[in-house]
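Just below is one structure, and these are the notes that go with it.
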Amino acid sequence: MGLKEFVVSLFQLDKDWTTRIVMAMLVMGVIWGLLGVIDSLMVRIQETMWGLSGTLVFTPQEYFASITLHAERDLFGFAQQVIYAIFIYFTIKLLNLQPRAKWLLNISFILINISMMFMEGPIVVAPTFNDNYFSATDWYYISPMGIPNYSNYVVSPLFFYGWLLLDAFTYLAGIWIVYHYYIASKQLKEKLPVPLVFFLMNTLLFMIGYSGVTAADVWDILAFYNLVPLNAIANQIAFWIFGHAVVYMAWMPAVGALYLLIPTLANKPLYSDRMGRISALLYLIFSNNVPIHHLYMVNLPVSIKILQEVLTYAVVVPSMLTFFNLWATVKGAQVKFNVITAFTVTSFSGAIAAGVTGISNATIAFDAIIHNTDWVVSHFHAMILLSIVPAAMAVLYFMIPMMTGKQWFSSKMAWVHWIGYVFGSVLFIVGYELQGFEGLVRRAEIYPRVPSLITAEVISTVGAVIAELATLVWFLNLVLTLVKGRNMNLEGVGLGQLIGTVGAALEWNGENINIPSLFSKNMIKKGLSGLWTLGIVGALVIVISMFPLAFSGNTYNAMPWVWIVLLSIGIVLISYPVLKGAKSL
């Protein structure tokens, strides 16, 4: 395949306009995502090397710039651009619309990618070239860093222009999407399908949630040129109005994907259509109505903070409705276990695990302890890595064949991707939680070199490397699919059938799995000895767990953690299988 053919395959230039623009957004999103992964790896290397050897590999400017660029590239250049691409594609395809105002979407696509370049730093020399690291404004929440007369560290105004371009993309592309839902409403005789309801709701959430950050960005530009005075606290609060909404902006597409995938994979209708629609409405209200619950420590009235705490708990209501609705849908279903199923289950369970830590963050008393520590970093990375990204991957695993007409190049690479990604992500998150328990603050380049913190840092770094290598396997599989993937005849194939066809090629072993109960009555009869065998294995694990405890010495090291983990695994292996095998449960 020559260069021309490769470019045509990569950007799907021989397909319709919607596929071309969506593929362009996906390609650029993946590029920014990979660059953001490199940034995150720089952060992990810096912190880990400090713990292991007391040395700093990178300069402080490079370290803090990497944190900011990792967040901006992965959250906006990658996640937001890919989310909008998915919304655009399924809005047009599922509603069978002819896209209009193509110029508006093209402009939006250009704006978001220029915005990432403006936030970059090294390529910018306006107004004067002072240094390469103005992205070290440190995720920008430390207002008024970088602004003349308010900060000794003055950056190029293009950094703030980059934020304005991101705001413009959010609104222009959002208007484009909402406009096409308006067109569809004139043609539809029935209500929108629940997944599309969530896509529409999420687009509105983006535009509402960006109101504060847009105001802050405009304020920054005016203050940069000394046209208006700047109030740092008010500016910070205005900017971080999107601080919690942004989590739901990124997570709601995952919820919409679950509403699409779970009924399809289970081959059953949604348990309650009305419950899904009510959940979407409540999410839209409460996700934007808790804008400052990560700002409990700033100078705001206590009454407002308590209101934010109550409203945050209210977000639990649509979450409970959603999880119950989806669980009830899949209960009793016979589902093929494939990569799409695996990522879907990961997203569902990961959302619950990460959501629990979110509820604790919302409690003022608890937040006063863990505020701005790595516990918070662990929380939102758990939501991103264990729910948002897995849902996106589940969608992309059938969306890419749907767009390109090609089956995935390698199912084995897909499984390596899932196993490595989930395992690495769990290690990464656990490491950060341990750092938070130790009281380590966010962005701590230098910290006490005590064994507990060093161990936690190493765990996070090892997990990050494993997850990133697994993601590179997925990227390689994607490129090979575009170049060498087997052609599929998808003419007249419905979405459900397409997901089934793609999933069949990505199955683990092709056997049915009863999701609600892996230990059904039939399985107990056929494999009773297997349950008792697990109990024996559990007993051996408990015995083995005593050795790390015996060799732990003063216990102020990693050995007690090895002991308690092995002990817990052994208890689980004994408890459920043995009681189930003995027909006690």
Side-chain angles (χ1 to χ4, degrees), residues 28-52 56-82 116 119-122 132-133 135-141 246-247 250 350 354 372-390 392-393 417 420-436 440-447 453-454 456-475:
M28 291 305 301
V30 169
I31 290 173
W32 290 120
L34 291 175
L35 290 174
V37 163
I38 294 173
D39 293 318
S40 67
L41 190 59
M42 290 175 64
V43 175
R44 300 303 328 130
I45 291 172
Q46 183 86 328
E47 293 182 11
T48 303
M49 290 303 296
W50 169 257
L52 293 176
L56 297 178
V57 180
F58 305 109
T59 66
Q61 292 93 333
E62 290 170 324
Y63 170 77
F64 286 109
S66 295
I67 293 176
T68 299
L69 290 174
H70 160 59
E72 290 169 344
R73 286 166 166 168
D74 281 338
L75 190 54
F76 305 126
F78 169 66
Q80 187 172 345
Q81 186 163 205
V82 169
M116 294 297 102
M119 293 178 188
E120 174 104 11
N132 282 350
Y133 306 109
S135 291
T137 44
D138 199 6
W139 189 210
Y140 170 52
Y141 95 114
V246 72
V247 177
N372 219 33
T373 69
D374 278 333
W375 165 275
V376 180
V377 179
S378 175
H379 159 59
F380 66 73
H381 275 88
M383 185 63 77
I384 293 170
L385 298 179
L386 294 182
S387 184
I388 296 170
V389 173
M393 286 301 175
H417 173 213
Y421 175 82
V422 173
F423 180 68
S425 295
V426 169
L427 287 180
F428 177 85
I429 291 160
V430 169
Y432 262 102
E433 277 201 352
L434 294 176
Q435 294 168 44
L440 187 64
V441 297
R442 300 168 67 176
R443 313 173 187 86
E445 183 180 26
I446 297 174
Y447 52 87
L453 279 177
I454 295 174
E457 290 281 359
V458 171
I459 290 173
S460 287
T461 300
V462 170
V465 171
I466 293 173
E468 288 166 5
L469 289 175
T471 304
L472 287 177
V473 172
W474 169 80
F475 179 71

Could you check if a side-chain atom of L52 sits within less than 4.5 angstrom of a side-chain atom of I454, using non-hydrogen atoms only? yes
Short side-chain to backbone donor-acceptor contact, S387 and G350, under 3.5 Å: no
I need the E457 CD to L453 CG distance, nearest 0.5 Å. 7.0 Å
Below 4.5 Å, heavy atoms only, C-beta onward: do Y63 and E47 meet side chain to side chain? yes
Check whether any side-chain heavy atom of V430 sits under 4.5 Å from a side-chain heavy atom of L434, and report yes or no. yes
Keeping the roles fixed (side chain from H379, backbone from A354), state whether a donor-acceptor pair exists under 3.5 Å. yes
Atom CD in Q435, atom CD1 in I459: separation rounded to 0.5 Å? 9.0 Å
Could you check whether any side-chain heavy atom of V30 comes within less than 4.5 Å of a side-chain heavy atom of W474, counting everything from C-beta outward? yes
Does R73 reach the main-chain N or O of I31 with its side chain, forming a donor-acceptor pair under 3.5 Å? no
Scanning both residues in full, the closest heavy-atom pair of H417 with M393 reads CE1-SD, 3.7 Å
Do D74 and D39 have side chains that approach each other closer than 4.5 Å (heavy atoms only, starting at C-beta)? no
Taking every non-hydrogen atom, the tightest pair across F58 and E445: O-OE2, 4.3 Å
Hey, is the main chain of V57 close enough, under 3.5 Å, to the side chain of Q46 for a donor-acceptor pair? yes
Go through the steps for T461 and I45 under the test side-chain contact (heavy atoms from CB on, under 4.5 Å), then give the verdict. CA-CA 7 Å; T461 300; I45 291 172; 5.7 Å; no
At what distance, to the nearest 0.5 angstrom, does CG of L56 lie from CD of E62? 11.0 Å
With a 3.5 Å distance limit and no angle check, can you tell me whether T471 reaches the backbone of A467 through a side-chain donor-acceptor pair? yes
Only one of L385, V426, L469 clears side-chain contact (heavy atoms from CB on, under 4.5 Å) with Y421; which? L385
One should read off an interatomic distance between L35 CG and L69 CG, to the nearest 0.5 angstrom, of 9.5 Å
Aromatic rings W50 and Y447: how do their planes relate, parallel, tilted or perpendicular, breaks at 30° and 60°? perpendicular
OH/Y432 to NE2/H381 distance, rounded to the nearest 0.5 angstrom? 6.5 Å
Contact between T373 and R442 at the side-chain level, heavy atoms closer than 4.5 Å - yes or no? no
Heavy-atom side-chain contact between V247 and M383 under 4.5 Å: yes
E468 and S40: CA distance, side-chain angles, deciding distance, side-chain hydrogen bond (donor to acceptor under 3.5 Å, both in side chains) verdict: CA-CA 10 Å; E468 288 166 5; S40 67; 3.1 Å; yes
Hey, are the side chains of W375 and E433 touching, using non-hydrogen atoms and a 4.5 Å cut-off? yes
Can L41 and H70 be said to form a side-chain contact (heavy atoms from CB on, under 4.5 Å), step by step? CA-CA 9 Å; L41 190 59; H70 160 59; over 6 Å; no
Verify, without hydrogens or angle tests, whether T48 (side chain) and V458 (backbone) share a donor-acceptor contact under 3.5 angstrom. no
Closest non-hydrogen atom pair, G420 against A470: C-CB, 3.6 Å
